[in-house]
Amino acid sequence: MAVPSWPYFDPEYETLSSRINPPRVIIDNDSNEDATLVKVNSANTHGILLEVVQVLTDLDLNISKAYIASDGGWFMDVFHVTDQQGNKIQEGDVLDNIEKALVTRKNKVSAEFPGCAGKFVGAKSIAEHTIIELTGTDRPGLLSEVSAVLTSMDCRVHAAEVWTHNRRCACMIYITDEDTSGPLCNVRKLAGIKERLRLVMKGDNDERRLARTNVAAEGVTHPERRLHQLMFADKDYEASEKFERSKSMGGKVDKPTITVQSSCERGYSIINVQCKDRPKLLFDTVCTLTDMQYDVFHATATVDPFGPLALQEFHIRQMDGQTLSPGAEEQVKKCLEAAIERRSSKGLRLELCTGDRVGLLSDMTRIFLENGLSVTRADVSTQGDKAINVFYVTDPSGNPVDKTVERIRRNYPILGVKDMSSISGSPQVKEQASSPLSSFLKSSERFFQGLTTGWKMSTVA
């Protein structure tokens with residue numbers, strides 16, 4: 001059963017001005033050889049930049065450059081976008097979808113981007129599902145325990161997104177009741193599920209931050225923005241000194257470089273961000289600034305031509321028009337760093353496409369737990385009767401899982417291998433007699449062979 005979706009619009013941003021002056025969208029495929037230019041002119045309201053960036057990322061477009069100006073009452077943006085392969089957008093129906101989604105972003109627009117293996121983009125509706133939101137302390141086996149509770153309570157998981165950062169975890173899980181094939185209407189059953197999940201998320205930790213289990217409010221929820229909000233509310237940006245020491249002892253850490261400088265002369269606080277480039281980076285930073293209630297007046301986002309670095313600059317003010325105080329500057333730096341790192345999962349990426357059934361997620365995560373693999377991030381969805389799952393796994397200490405691609409391809413033909421050219425030729429890749437992944441594959445081979453399609457694997461730098 002597919003989860004309906006559309007680019008997200010938060011009704012609180014709608015104003016009389018935007019209704020009188022609808023946005024003007026121009027798509028230019030002639031001015032630049034390498035990218036399609038998307039120009040958006042609209043009445044300026046708080047959050048409009050996030051709306052536009054969110055629509056473009058929901059349509060699976062990469063934003064390679066962006067130039068934003070919104071002084072006065074008008075908002076003018078230029079975005080350089082490509083598809084996931086880095087090519088200009090040439091298909092007429094896709095270009096039409098981009099324009100329609102940006103102009104009608106306040107309405108429910110469903111778009112499917114060609115070449116994304118049927119992946120639906122945008123937000124998910126609560127109309128046919130109950131959405132459970134969870135936050136708590138991360139630990140090996142947490143997702144296995146959560147999914148086991150849902151299976152035991154006769155709930156089917158249709159979609160889920162799980163993020164972990166600084167030993168904190170946030171989840172959004174879309175479920176239906178097996179008894180009714182719809183959202184959970186039994187108040188007593190729902191209360192029991194929430195209580196059992198709260199105990200699972202709490203675990204045995206004695207941290208001051210509590211575990212939280214909520215049912216999403218009625219309406220439309222954009223999962224990635226909501227996950228940012230959940231982790232921000234959980235203060236995942238405040239890593240303990242013990243955890244920071246353990247990260248530094250684990251080897252080189254590519255941390256973002258973020259500076260904040262307030263200019264009294266120009267009346268802005270200027271934020272500069274430099275970090276490794278990746279998809280959806282601009283969405284993550286703009287989402288954080290918007291949810292922290294800052295207005296972005298000018299911004300640029302580019303990529304360093306001499307290396308894989310993203311360079312972003314934002315000219316912001318508080319909503320009362322003031323620049324940031326020294327204390328607020330430090331918090332913004334911490335929160336932007338956390339927003340960038342949440343999606344930068346490292347480890348082994350496992351992809352599974354198979355027939356959906358009750359308990360599938362519970363079975364898979366139990367196998368991970370039994371074989372010493374910890375899930376650091378997960379994206380679970382269903383398309384028709386197929387389950388499409390992506391897991392990022394490490395060992396229990398957060399270190400990369402050892403693997404030899406050639407041996408996996410030779411010994412386990414049911415497994416597909418991705419990105420082999422970047423791994424198999426490396427002199428650092430050496431076979432080991434017994435690694436966590438090897439043990440995992442051997443003990444799980446019979447289970448995998450019962451699936452309709454195999455796994456795909458790739459490492460994440």
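Basis for what follows: all heavy atoms, side chains included, without hydrogens, waters or symmetry-related copies. This structure is a prediction, so every number in the text was calculated from the model and none was measured.
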Handout entry: Test side chain to side chain contact (heavy atoms under 4.5 Å, CB included) applied to V52 and F75, step by step
Key = CA-CA 11 Å; V52 173; F75 169 86; 4.1 Å; yes
Please examine the side chains of [Y] and [X], heavy atoms only from C-beta on, and report whether any two atoms are closer than 4.5 Å.
{"X": "Y174", "Y": "P223", "answer": "yes"}
{"X": "S362", "Y": "L150", "answer": "no"}
{"X": "D60", "Y": "D83", "answer": "no"}
{"X": "T288", "Y": "F232", "answer": "no"}
{"X": "L289", "Y": "I271", "answer": "yes"}
{"X": "Y294", "Y": "R317", "answer": "no"}
{"X": "V162", "Y": "V375", "answer": "no"}
{"X": "N389", "Y": "L360", "answer": "yes"}

Handout entry: Under-4.0 Å salt bridge between E337 and K334
Key =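 No.
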Side-chain H-bond candidate by donor/acceptor type, [X] with [Y], under 3.5 Å:
{"X": "Q322", "Y": "D320", "answer": "no"}
{"X": "S269", "Y": "E329", "answer": "no"}
{"X": "T394", "Y": "S374", "answer": "no"}

Residues forming a salt bridge (charged side-chain N to carboxylate O under 4.0 Å, His left out) with [X], sequence neighbours excluded:
{"X": "K65", "value": "none"}
{"X": "D96", "value": "none"}
{"X": "E145", "value": "R139"}
{"X": "R278", "value": "D284"}

Which atom pair, heavy atoms only, marks the closest approach of [X] to [Y]?
{"X": "T176", "Y": "S181", "value": "CB-C, 4.3 Å"}
{"X": "L184", "Y": "C155", "value": "CD2-SG, 4.1 Å"}
{"X": "M292", "Y": "C335", "value": "SD-CB, 3.8 Å"}
{"X": "I175", "Y": "H158", "value": "C-CD2, 4.2 Å"}
{"X": "C169", "Y": "M201", "value": "O-CE, 4.4 Å"}
{"X": "C287", "Y": "L50", "value": "CA-CD1, 3.7 Å"}

Practice task
Please report the C-alpha distance between F368 and L350 in whole Å, then the side-chain angles of each, then the deciding distance to 0.1 Å, and finally whether the side chain to side chain contact (heavy atoms under 4.5 Å, CB included) criterion is met.
Solution key: CA-CA 11 Å; F368 293 153; L350 301 176; 3.7 Å; yes
Handout entry: side-chain contact (heavy atoms from CB on, under 4.5 Å) against A338, all qualifying residues, sequence neighbours excluded
Key =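 With sequence neighbours excluded, A338 shows a side-chain contact (heavy atoms from CB on, under 4.5 Å) to H165, D236, Y237, R342, given in chain and number order.
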Handout entry: Qualifying residues under side-chain contact (heavy atoms from CB on, under 4.5 Å), relative to S144, sequence neighbours excluded
Key = T365, R366, L369
[X] (side chain) donor-acceptor with [Y] (main chain) under 3.5 angstrom:
{"X": "R377", "Y": "R343", "value": "yes"}
{"X": "N166", "Y": "R168", "value": "no"}
{"X": "T213", "Y": "I132", "value": "no"}

Using the side-chain hydrogen bond (donor to acceptor under 3.5 Å, both in side chains) criterion, which residues pair with [X]? Sequence neighbours excluded.
{"X": "K189", "result": "D177"}
{"X": "N29", "result": "T36"}
{"X": "E178", "result": "R156"}
{"X": "H315", "result": "E313"}

Distance check, rounded to the nearest 0.5 Å: [X] atom [atom1] versus [Y] atom [atom2]?
{"X": "S31", "Y": "L37", "atom1": "OG", "atom2": "CG", "answer": "6.0 Å"}
{"X": "Q54", "Y": "E224", "atom1": "CD", "atom2": "CD", "answer": "8.5 Å"}
{"X": "T57", "Y": "L281", "atom1": "OG1", "atom2": "CG", "answer": "11.5 Å"}
{"X": "I89", "Y": "I27", "atom1": "CD1", "atom2": "CD1", "answer": "9.5 Å"}
{"X": "H80", "Y": "N62", "atom1": "NE2", "atom2": "CG", "answer": "14.0 Å"}
{"X": "I258", "Y": "K333", "atom1": "CD1", "atom2": "NZ", "answer": "8.5 Å"}

Exercise for the section: For the pair Y268 and F297, name the ring-plane relationship: parallel under 30°, tilted 30 to 60°, perpendicular over 60°. Expected result: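 Plane angle between 30° and 60°, so tilted.
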Exercise for the section: Identify, with sequence neighbours excluded, every residue that meets ring-ring contact (aromatic ring centres under 6.0 Å, His included) alongside F283. Expected result: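 Here the qualifying residues are H222.
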Problem - Pair I131-M172, side chain to side chain contact (heavy atoms under 4.5 Å, CB included): steps then yes or no - result: CA-CA 7 Å; I131 305 178; M172 289 188 67; 3.7 Å; yes
Practice task
Mind running side chain to side chain contact (heavy atoms under 4.5 Å, CB included) on D77 and I48 for me, showing each step along the way?
Solution key: CA-CA 10 Å; D77 279 8; I48 189 172; over 6 Å; no
Practice task
Kindly state each residue pair satisfying salt bridge (Lys or Arg N to Asp or Glu O under 4.0 Å) with at least one member in residues 35-49, sequence neighbours excluded.
Solution key: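 Checked against salt bridge (Lys or Arg N to Asp or Glu O under 4.0 Å) - neighbours excluded - the pairs reaching residues 35-49 are D28-K39.
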